[in-house]
Protein chains: 2
Amino acid sequence: MPRDASPPAPPAPPLAPARSGRATGRVTLADVARAAGVSPITVSRALRRERSVAPELVARVEAAVRQLGYVPDPAARALASARSDHVAVLVPLLSNNLFVDLLEAVHQVLWPAGFQTLIGVTHYDPAEEEQLLQAYLAHRPAGLLVTGFDRSEAARRLIASSGVPCVHLMEITSAPAVHCVGFSQAEAGHAITQHLLARGRRRIAFVAAQLDPRVMQRAEGYRRALRAAGLYDPARELLNPQRSSMALGGALFAELLRRQPDTDAVFFCNDDLAQGGLLAALRLGVAVPAQVAVAGFNDLNGSDQMLPPLTTVRTPRSRIGAEAARMLLTLVRGEPVRAASLDLGYELVTREST
Amino acid sequence: MPRDASPPAPPAPPLAPARSGRATGRVTLADVARAAGVSPITVSRALRRERSVAPELVARVEAAVRQLGYVPDPAARALASARSDHVAVLVPLLSNNLFVDLLEAVHQVLWPAGFQTLIGVTHYDPAEEEQLLQAYLAHRPAGLLVTGFDRSEAARRLIASSGVPCVHLMEITSAPAVHCVGFSQAEAGHAITQHLLARGRRRIAFVAAQLDPRVMQRAEGYRRALRAAGLYDPARELLNPQRSSMALGGALFAELLRRQPDTDAVFFCNDDLAQGGLLAALRLGVAVPAQVAVAGFNDLNGSDQMLPPLTTVRTPRSRIGAEAARMLLTLVRGEPVRAASLDLGYELVTREST
DNA sequence: CTGAAAGCGCTTACAG
DNA sequence: CTGAAAGCGCTTACAG
């Protein structure tokens, strides 16, 4: 694999200039058939391993493919077969590493299986999701991966009427015939709040941004745990609709301590907020965990590097991506799935901040 | 836009069941033509605004499109016209926020112009880049956006022989007929090293990971500045090929101070490393900037939240993405570009860590 | 300004 | 196991 860091040479003219008429000059299946001395349909079958083709013919076809450098035209294939090798994946954001890990895992499963991952970013906007869905569905993808269950009625209808197999990521439901891979966000939120209670904390705040459905499910888990302990106080919830960031986490932490100076623990709905909170504590001279315990969610990059290292919930996004991709592959092949809903759980990671 | 957080109903059968033969049941251009009482080609032209079509016919076509819910088939369009509405963008990684910002800006320009952004991740691997290029080019994208100039000879040939307009991101060159939008990584590396020198630092280390071409260009800028000052010492370079992360930054910072205890400044090639270094300094009790000044590169999320806030180089990746997308659009339309190479510069952001 | 014909490069459905 | 014909849903190239 020769590498070269110098700038490229100026673009050369296309190798095979367009020939007469509409011919594009590219090597077609017909060219391969001619070279191999078989019919085009035999080439098609040999390439797709669809029906048994005589081994010797397969060999001749493969030799011709190699010799001519034939690359199938996906557009022609899609048009003729009414399906494509695309799988569309819709995620809310790329700026949260959570989704990057998810996409990476999806790609690692789909690419070797011969599918191309098309990434769509919805920005948590139902209208954008609808537009993306419309655009991607027009390409007749082989499958669809979407984040969560929260979408417009129109988006739901688009998915359902397309007939394209769809797996939902990150959340789970027991509704029949809905395919999903994830974990219970509410349970995870409950678990980390329980952890804070077990540490003896009594005035536990919940600080959140973005306020997407999964964040609100974590909030539910938090509320349930505190209510059960007789310690729930709505005044200790700080909910901000802005996009999550370290800077916002720092600002919200400071605001929280101004409003509720007796706070003895904070559950941030996402690690970036928590990291910002930890840094703000350092700046403000608030002792963590002595004065205030701090917990996050997701175990993002750097949380183990904080001062003190951050207690958080490790979410299995890589496994979610991989398992969802596998489930989708099963559906695409028309095979039965073991279970439509796959709960991959979560893991409490206890570090020094609590 | 009605929203609903409950799980979706089980998938319904496709609205229009497949009819006889191979008909897919979808609404076609011919259906629209029939409904509008014109020929298919007129519908095609009205939809693409290609040639002047009588305004009244356009109106009838548009009404029919709306009424029937017609969505053009991209595969058929691509096959017939030998081009698509796709623009492929190849970036090394999604886990560096730099590239997320780049992609976001690209999408914001391309989507309103009617193009779909296909994201490809190369993982800094020339072989992967080649495979992606081959796969994406087979789709006859309207344009191509690639990161930097470093790629295999085969990849270069694929791009050149495809005839697809291509703009290079992040780096610049004065080579003729090569389209690029970026800035001089070497100059930026030189500038931040100069800044450290101007602050009176004399034993300035360079700590880097990943070691991709752009990192090595920053290293060149660092070397040039120190050589000019008569202070260059190869022993003060710590180059690690692993992927960049906060954890690695912390480990390298500690290693550096073990090997070169008299270090009075560190230039980290990327902010995530620098953030990890800053946190490690806190843990180790190394005073920043009193004992060691710390500088980063890129001004990533959270750098302004560090303790102390991180001095860094702000790179204009959003503008790079937007301008590159605009340049590509110009090329796709066959119009002349003002200049093939666009230098967007960089900005030194001086904070308390130096 | 509008249209009838042909064709893009594959695969399906039907035969043998 | 192999193939000739037709067709997927558009746009191009040629006419008028």
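All chains are named by letter (A, B, ...) in the order of the sequence lines, taking the proteins before the strands, and each is independently numbered beginning at 1.
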Could you tell me the separation between the [atom1] atom of [X] and the [atom2] atom of [N], rounded to a whole number of Å?
| X | N | atom1 | atom2 | value |
| --- | --- | --- | --- | --- |
| B:I41 | C:dG3 | CD1 | P | 10 Å |
| A:D85 | C:dC10 | CG | C1' | 13 Å |
| A:L29 | C:dT12 | CG | P | 12 Å |
| B:R77 | D:dT12 | CZ | C1' | 14 Å |
| A:R49 | C:dT11 | CZ | P | 13 Å |

Salt bridge A:E335-A:R326, side-chain N to carboxylate O under 4.0 Å: no
[options]: which one has an atom nearest the side-chain heavy atoms of [X]?
| X | options | result |
| --- | --- | --- |
| B:R26 | D:dG9, C:dT12, C:dA4 | D:dG9 |
| B:D73 | D:dT12, D:dG9, C:dG9 | D:dG9 |
| B:T42 | D:dC10, C:dG3, C:dA13 | C:dG3 |
| B:R140 | C:dG7, C:dC10, C:dG9 | C:dG9 |
| A:L79 | C:dG9, C:dT11, D:dA13 | C:dG9 |
| B:R45 | C:dT12, D:dC10, C:dG3 | C:dG3 |

I want to check one thing: is the phosphate of [N], taken as OP1 and OP2, less than 4.0 Å away from some side-chain N or O of [X]?
| X | N | answer |
| --- | --- | --- |
| A:S81 | C:dT11 | no |
| B:R48 | D:dT12 | yes |
| A:R83 | C:dC10 | no |
| B:S44 | D:dC10 | no |
| B:S39 | C:dG3 | yes |

Check: [Y] main-chain N/O paired with [X] side-chain donor or acceptor under 3.5 Å:
| X | Y | value |
| --- | --- | --- |
| A:T147 | A:L169 | no |
| B:R151 | B:G148 | yes |
| B:Y136 | B:I119 | yes |

Toward the 5' end of DNA chain C, by each residue's nearest nucleotide, A:P40 or B:A76: B:A76
Watson-Crick or G-U wobble mate for C:dA13, both contacts under 3.5 Å: none
Pairing partner of D:dA4 (Watson-Crick or G-U wobble, both distances under 3.5 Å): none
Residues A:E104 and A:Q108: side-chain donor-acceptor under 3.5 angstrom: yes
